[in-house]
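Encoded as structure tokens, the structure appears first; notes follow it.
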Amino acid sequence: MAEPILSIDRLSIHVRAGGGVRLKIVDDISFDILPGQFFALIGESGSGKSMIARAIMRLMPDEVLDLRGEIRFGGHDLAHAGEELLRPLRGSEISMIFQEPMSSLDPLMTIERQLSEAVEAHGKRKGAAMRAHIIDLLTRVRFRNPEQIMRSYPHELSGGMRQRVMIASALINEPKLLIADEPTTALDVTIQAQVLDIIASLARDYGLAVLFISHDLSLVYENADEIAVLYGGMLMERGPARAIIEAPAHPYTSALLACVPRRRTGARQEGIEGAVPSVSDWPPGCRFAARCAWRQPQCTQHEIAFLDLPDRRVRCVAPLRESAPA
Amino acid sequence: MVRAIAWRVAGVVPVLFLVTLVLFLLLRLAPGDAADLLVPDDASEAEILRIRERWGLDRPLLEQYFSFLLNLLKLDLGRSYRYGADVFELIASRVPATIELATLALLAASLIAIPLGILAALRKGTAVDGAVSVFAIAGVSTPTFWLGILLVLLFSAELHLLPSGGRLPYGVQLPERTGLHLVDAMLAGRFDLLGLIASQLILPVMTLAFSMVGIISRITRGAIIDVAQEEFITTSVAKGLTRGAIIRHHLLPNATVPITTILGLELGVLISGSIIVEVVFSWPGLGTLLYQSISVRDIPLVTGIVVTYTTLFILINVVIDVIYFIIDPRIRASQGA
Ligand SMILES: Nc1ncnc2c1ncn2[C@@H]1O[C@H](COP(=O)(O)OP(=O)(O)OP(=O)(O)O)[C@@H](O)[C@H]1O
Ligand SMILES: [Mg+2]
């Protein structure tokens, strides 16, 4: 098996919340991403997806107090690396695109300048070669008139177009890992599919590993190789995408799958019963227990450890899969 | 662009109309008779009547107002009761002194406050930030006239370092062309006078600047902190740009929009502050003229000066709109380049 390109090992993140309270919002997360793999990190709002994504590039808000554990990439531990190590990696080895294409581009700068700035930061190309490269990338993200796009300001483009510009910007230095934090959530449904398809096919062309973050499992049906399901800052289930989608082992994964909107039949999205408890008051034991249809007395008595099944890991005392030990 | 500017300039008309109307009514309806000021104390009734007739004070108020408006269109603001001179010319001779003082004060305030604000924002929460905010609060809460008097007492009366007022020391001759002394001295090749002129300027300029430093530095700090939280700043960190490049290319340009806005809003402070500073430092500008003309109820002169201040205020706002237009492509788009 290939060496992982990114290896997150027992990552915990603490933030400073109101009133000087210290909160653990990401709790002991581990996963590996292999070169060229499409890795989907799934969870409801507030589960800590963006925190993990930002921790990898060390773009966390000031409220983050500390990172525990390791984020191994290219022989370095990014969780504890200094700026002088991180800066050359950012945008060159690891790139990121964000949820809000409306605000992730500088409103005062033309697209061309924003793209060339990304190239120049790593000094890989200059002048005419750089321009040609920018045009090539804009074509790859399916702009028919790249030169006109280059002259545009962000406000002249639609949300989908801006997100495609962001993708071009992220891939411009041929990184090894792309982190996409809900890149389609803010877009119209019709455009979501296009943007998703662009990311997936460019990732294949470039042999790029993708950490794709979403709250919507249906978005990753087609492209994901691996899935990790996050709930309340903890991993609940992790394994090959196909296996998890076909037979979820964790009741939470199953609930997420059940509320995926059935696009073709137009059935209503149900949503999971109950709300995510606030981070400050996790009950002992399984964090999902309060909302779980299969809850048993032992779920809330002690910490639930990972259970290793043949094809995956699941944090549940009574996994739903038949093959699992009862 | 040109259309947008023309539109703004045209906006002067209704504003001036309102301002003059209010002013006209206030000055005429205030107790006391302007004619009293125009005649000697021992004047007879007949004499007073003649005077009233001569200055048109006997006609109905509305008629007076309309003839005033008609004359305004011809830039004829009438004659000063007090000086007998043409109001327009009186004002024109004083405007450069005010512009010189106000421009230099705004410049000085910006040069001090904007870097301080940037520094405070970049060092948010540190001792540097605290020191800047103490300085800013001092600037906002110090009364301008009090500071002016204090500086005069200290630097002129006590230390004899700087003159206490006026634009030029007695007896010094300077050929006037623009009316801006620093410019005139350079045009005339009298570089020897520059130091002298500057020493006259320092105290009033600093006093006026200090009244603006507080707000400008706070707004700059706030603007920078706001922009720093924008997602595109995170994007630029994620691109691998250096901190310096992010500050120069993204943070500062995006903060100029709110900073320009506050500079525009500070014009009100600048104008009212300049009147006080001019009076304290016997600066022969519009402000002192206004002060003197109000105290003798010189109605045409007061009206003319207020009209001038209003026009200046609006024109400077037009300049600010042009600046927006240059820095922000979104505004360019909405106003049709
Ligand atoms: N700046 C912050 N200070 C303190 N707590 C924060 C901060 N940002 C996020 N959190 C908390 O961290 C937790 C995880 O937030 P995160 O943004 O990673 O969630 P997410 O899974 O990305 O959700 P979403 O789908 O809404 O983007 C949340 O409970 C949130 O309240
Ligand atoms: Mg998020």
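Model, not experiment: these values are computed from the prediction.
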Determine the minimum heavy-atom distance between A121(A) and G240(B), stating which atoms define it.
CB-O, 3.9 Å
State, to 0.1 Å, how close T235(B) and F98(A) come at their nearest heavy-atom pair, and which atoms those are.
OG1-CE1, 3.7 Å
Engaged part of M102(A) at the chain B interface, taking heavy atoms whose separation is under 4.5 Å
neither
Please state whether the side chain, the backbone, both or neither of S169(A) comes within less than 4.5 Å of a heavy atom of chain B.
side chain
Could you measure the distance from the CD1 atom of I331(B) to the CG atom of L108(A)? Nearest 0.5 Å is fine.
9.5 Å
Any side-chain donor near an acceptor of the partner, Q114(A) and H250(B), under 3.5 Å
no
D106(A)/N254(B) under side chain to side chain contact (heavy atoms under 4.5 Å, CB included): CA gap, chis, key distance, verdict
CA-CA 8 Å; D106(A) 185 329; N254(B) 276 281; 3.0 Å; yes
Closest contact, heavy atoms only, P107(A) versus P329(B):
O-CG, 3.3 Å
For E156(A), is it the side chain, the backbone, both, or neither that has a heavy atom closer than 4.5 Å to a heavy atom of chain B?
neither
I'd like to know which of R54(A), R58(A), R113(A), R90(A) tops the heavy-atom pair count under 4.5 Å against chain B.
R90(A)
Tell me which of these, P154(A), S104(A), G91(A), has more heavy-atom pairs under 4.5 Å with chain B than the rest.
S104(A)
Most heavy-atom pairs under 4.5 angstrom with chain B, which of E100(A), E120(A), M96(A), H122(A)?
H122(A)
Most heavy-atom pairs under 4.5 angstrom with chain B, which of P61(A), S103(A), A118(A)?
S103(A)
Counting heavy atoms not belonging to R72(A), are there more than 12 under 6.0 Å from its CZ?
yes
Heavy-atom pairs under 4.5 Å with chain A, option from L241(B), V257(B), V227(B) with the top count:
L241(B)
Taking side chain as everything from C-beta outward and backbone as N, CA, C, O, which of these in I233(B) sits under 4.5 Å from a heavy atom of chain A? Side chain, backbone, both or neither.
neither
Return the OG1 to CD distance between T242(B) and E83(A), rounded to the nearest 0.5 Å.
10.5 Å
